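For ligands, and for the atoms within them, numbers begin at 1 and follow the listed sequence. The shown structure was predicted, so the numbers you read here are calculated from the model rather than taken from an experiment. Note that these values count all heavy atoms, side chains included, but never hydrogens, waters or copies made by symmetry. Numbers for residues simply follow the sequence, beginning at 1.
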Amino acid sequence: MPSLPALLRSLGLSLFALVLAGLAPQAGAQEFDLVLRGGRVMDPESGLDAVRHVGIQGGVIRAISEQPLNGRTIVEAGGLVVAPGFIDLHQHAQLPEDYRLKAQDGVTTVAELEVGSADVDAWYAAREGKTTINYAVSVGHIPSRMAVMGDRPEFLPGAKSGAATRIATDEEMAKIAALIEKGLQRGAVAVGFGLQYTPTATQRETVEMFRVAAKYNAPCHLHMRAKGGTGLQNVYSAVLEIIAASTITGAPAHICHVQSTALRLTPRVMQLISEAHARRVDITAECYPYTAGMTDIKSAIFDPGWRENGEMDYKDLQWPSTGERLTAETFEKYRQTGGLVIIHSNPEEVIRDIVAHPLTMIGSDGLRGHPRHAGTSARILGHYARELKVISLMQALDKLALMPAKRLENRVPMLRNKGRVRVGADADLVLFNPDTVTDRATYTQPDLPSEGIPHVLVGGVFVVRDGKFQPGVSPGKAVRAPIQGPR
Ligand SMILES: [Zn+2]
């Protein structure tokens, strides 16, 4: 009996032709809404890194093919990487103008998880149908604690606020926990904490809040306490508190911007996190790729002792509007008036190591006034992957898109269709030139958009096309956990 190839040869057909015959009509028959033609498709989940044609229909990736596809709109993607849209788990500024800068940096989903909101319904309702990119929020321990402690609503509690200065009574702690539970029932994707901003929240309070998070399978995203490396309260006790709370309660933990809290001690902190992770504690971390941080000069971070604890001095602080480095005198002046201050706090080696660490993903901590707001993704792709080669391009995509999706997807199943380039996934895609992609935002010009990212799609809709932001389109959708309780 002849083999199949021999039989085909006798019929004048090759196996290759048969395969083509099987695929071509199917591919040729369908006309997609949009086809991305001949780009270098990179998917951090499957490892696919090859030239492919991508067919998009109804906001979903419907074909990833070696064969040409028909589309009502065709975009030539030759020379461009076609990657999953970036998911930024740490984005504070959430206005339309902010979404424009994020989109131009390849971000298709932003999440405010560290500070979060005390009113999850109102937060989502304010954005519904109006946004360029997708959006998510945590229920925040900070705003919940401020509400219970009777502080007026502000982004962060001032150093003299009740939330920053008072230990909660049992009754108050129960009220904070109830607000967090309510937020989780209303679909908050995580629980946010800023323990350095609420230094009077006790370790018992942390564990109580983790218990609520665990009940809803919600990860806890924390700006941990920081008191340097000496003394009894220090950055080690800060990490141990989080590892213990996660181990005791089972709630996953995620340490926000580990490098801007742990500073030069970041490698030692990552050792603790890695060892706990190896013992099956569900803990991860996040960093942003800049040597300076930024926060409110009025916050508890600058309470007496900050210079010793952070191994910093006044000269390491820079006032954004004037560019001046601070002195003891100007520090006191601005501490009275308040406002965001740039903190030059990390050597470049710390940033290289933390960007490359296998347990860290990239979160921008995006805030107006700091270049991380507009430039984080492009800086990872251009500076850290292409120029310094501390990570591969695929690792960069993993840290920018897939790892953030996986961090939340047990709680938020819709994220299983983001962070990937796969048939059936949402068509949230970024097309960038790997040879030219670069950040342009600086400490003095923080709002310059990134370059080398010609196309960005959210749900199959262009929000950036041919390098231009597309005004007047609002394809962004709520990324939200299933709702489990009444308003
Ligand atoms: Zn923070």
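Note: Phe210 and Phe193 have tilted aromatic rings, judged against thresholds of 30 and 60 degrees for the angle between ring planes. Under the 30°/60° scheme for interplanar angles, the aromatic rings of Tyr334 and Trp319 are found to lie parallel.
The pair Arg379-Asp105 does not meet the salt-bridge criterion, since no charged nitrogen lies less than 4.0 angstrom from a carboxylate oxygen. For the pair Glu349 and Arg352, the salt-bridge criterion is not met [side-chain N within less than 4.0 Å of a carboxylate O].
The number of protein N/O/S atoms found under 2.8 Å from the Zn ion (ligand 1) is 3.
The environment of Glu329 atom CD is sparse: at most 12 non-hydrogen atoms of other residues, nucleotides or ligands sit within 6.0 angstrom.
Residues Ser144 and Val139 approach most closely at OG-CG2, 4.2 Å, considering heavy atoms.
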